[in-house]
2 protein chains.
Amino acid sequence: MTDDKRTFGQIVRDTRLNLRKTNADFSLRKFAFRIGISPTYLSKAETDEFQPPRAEKVVRIAEELGINKFVLLTKANHIDPGLKAILLKRQSELAELILLVSDMSADQISVIVEAIRKSKEDS
Amino acid sequence: MTDDKRTFGQIVRDTRLNLRKTNADFSLRKFAFRIGISPTYLSKAETDEFQPPRAEKVVRIAEELGINKFVLLTKANHIDPGLKAILLKRQSELAELILLVSDMSADQISVIVEAIRKSKEDS
DNA sequence: ATATGTGTTTAATATATATTAAACCTAAAT
DNA sequence: ATTTAGGTTTAATATATATTAAACACATAT
């Protein structure tokens with residue numbers, strides 16, 4: 001299960017410090033500049049004193065850290081910009097589907113995804 | 001097709017004025033107070049001079065006007081708070097599904113919804 | 001004529017969210 | 001002993017989004 005109990009800040013700091021062990025480019029300052037935020041802000045965000053940055057920055061952080069962006073976005077209380085764009089355009093049509101699967105397990109949803117994928121191949 | 005070319009403001013004003021024909025409670029002022037926004041704001045929003053109000057207010061407007069909330073939310077560039085809550089919790093699990101169906105027609109999505117609904121009955 | 005109801009406009013704020021510069025305090029390297 | 005690199009703290013802003021009070025103009029009812 002992808003059920004990480006840690007906060008946004010804890011995940012980012014833990015992961016970054018781990019990478020820093022073998023790569024000095026993962027110091028707080030260098031990492032912050034690479035992402036496009038100030039060291040100040042990253043410091044506070046990693047200690048959960050500030051709220052996480054906006055969605056786009058969170059995605060960049062996840063990419064740089066090599067972790068799943070959706071997990072980090074969820075911790076940051078953001079919806080992925082790509083998903084958001086799709087939903088903004090088609091929420092009437094997608095609402096039913098999302099509500100319908102919202103009480104299903106991840107496994108059950110995977111089964112559905114696979115079924116749809118297969119049916120798509122046959123066309 | 002639910003493809004209304006009108007803006008948020010146009011839809012709200014048109015619908016409200018229609019209701020007002022037979023019901024004085026749909027004057028701009030009374031309606032605004034009922035929704036919980038100022039007449040000023042509603043006036044500007046209905047003429048698209050201000051951006052639409054926040055999602056919760058848009059939902060209330062749709063309910064009062066008796067129109068589909070998702071359509072109005074889309075025009076207002078908001079995601080339905082209910083959907084948003086689901087996505088914030090489970091976007092890792094739902095992302096694949098949403099991306100997969102995002103290029104399908106509304107009809108095709110309906111077919112999938114029906115299939116899932118049936119399979120749910122058998123359990 | 002005036003009070004009442006309608007929508008509009010002017011002129012600002014309010015509120016939340018996102019964000020920073022600069023000074024600071026270490027510990028390690030020179 | 002001092003430069004360097006690390007992270008922290010103070011003290012504010014910046015930015016976007018959401019929102020309003022009060023005065024106005026016009027029509028209709030009294």
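Residue numbers begin at 1 in each chain, while the letters A, B, ... track the order of the sequences.
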Rounded to whole Å, CG of Asp25(A) lies from C1' of dA5(D) at a distance of 13 Å
**Request:** Answer yes or no: is there an ion pair linking Glu114(B) with Arg117(B), defined by an N-O contact shorter than 4.0 Å?
**Result:** yes
Quick check on dT8(D): is either OP1 or OP2 less than 4.0 Å from any side-chain nitrogen or oxygen of Ser43(A)? yes
Quiz prompt | Side-chain donor/acceptor of Lys57(A) to backbone N/O of Gly36(A), under 3.5 Å | solution = yes
- Query: Is there a donor-acceptor pair closer than 3.5 Å between any side-chain N or O of Gln108(B) and the backbone N or O of Asp103(B)?
  - Reply: no
Whole-Å distance, Phe50(B) CZ to dT9(C) P, equals 11 Å
Exercise. Could you give me the CA-CA distance, side-chain angles and deciding distance for Glu63(B) and Arg60(B), then say whether salt bridge (charged side-chain N to carboxylate O under 4.0 Å, His left out) is met?
Key: CA-CA 5 Å; Glu63(B) 285 167 358; Arg60(B) 294 214 52 206; 5.1 Å; no
Rounded to 10°, the angle between the first-five-pair and last-five-pair axes of the helix from dA1(C)-dT30(D) to dT30(C)-dA1(D) is 30°
Exactly one candidate in Leu97(B), Ile112(B), Ile98(B) meets side chain to side chain contact (heavy atoms under 4.5 Å, CB included) with Val101(A); the answer is Leu97(B)
Here the distance between atom P of dT15(D) and atom CD of Gln51(B), to the nearest Å, is 17 Å
Glu49(B) atom CD is separated from dT20(D) atom P, nearest whole Å, by 16 Å
Is there a donor on the side chain of Thr40(B) or the base of dT8(C) sitting less than 3.5 Å from an acceptor on the other? no
The side-chain contact (heavy atoms from CB on, under 4.5 Å) partners of Leu17(B) (sequence neighbours excluded) come to Arg13(B), Arg20(B)
To the nearest angstrom, the CG-C1' distance between Leu42(A) and dT9(D) comes to 15 Å
Notebook entry, point to check: Does Arg54(B) place a side-chain N or O at less than 4.0 Å from the phosphate oxygens OP1/OP2 of dA16(C)?
Noted result: no
Give every pair of a protein N or O atom and an N or O atom of nucleotides 4-6 of chain C that lie under 3.5 Å apart, one pair per line with the distance.
unit_1	atom_1	unit_2	atom_2	d
dT6(C)	O3'	Arg20(B)	NH1	3.3
dT6(C)	O4	Arg29(B)	NH2	3.3

Separation of dT20(C) atom C1' from Lys57(A) atom NZ, nearest Å, is 11 Å
- Examine Arg34(B) relative to Phe26(B) and say whether NZ or CZ is less than 6.0 Å from the centre of the six-membered ring and inside a 45° cone about the ring axis. yes
- Query: Could one point to a donor on the side chain of Ser38(A) or the base of dA21(C) with an acceptor on the other under 3.5 Å away?
  - Reply: no
Ile35(B) CD1 to dA18(D) P, in whole Å, measures 16 Å
Between Asp48(B) and Lys75(B), is there a side-chain N and carboxylate O pair less than 4.0 Å apart?
no
Give a yes/no on whether any side-chain N or O of Lys44(B) is located under 4.0 angstrom from OP1 or OP2 of dG7(C). no
Glu46(A) atom CD is separated from dG6(D) atom C1', nearest whole Å, by 12 Å
Pair Arg16(B) + Glu46(B), salt bridge at N-O below 4.0 Å: yes
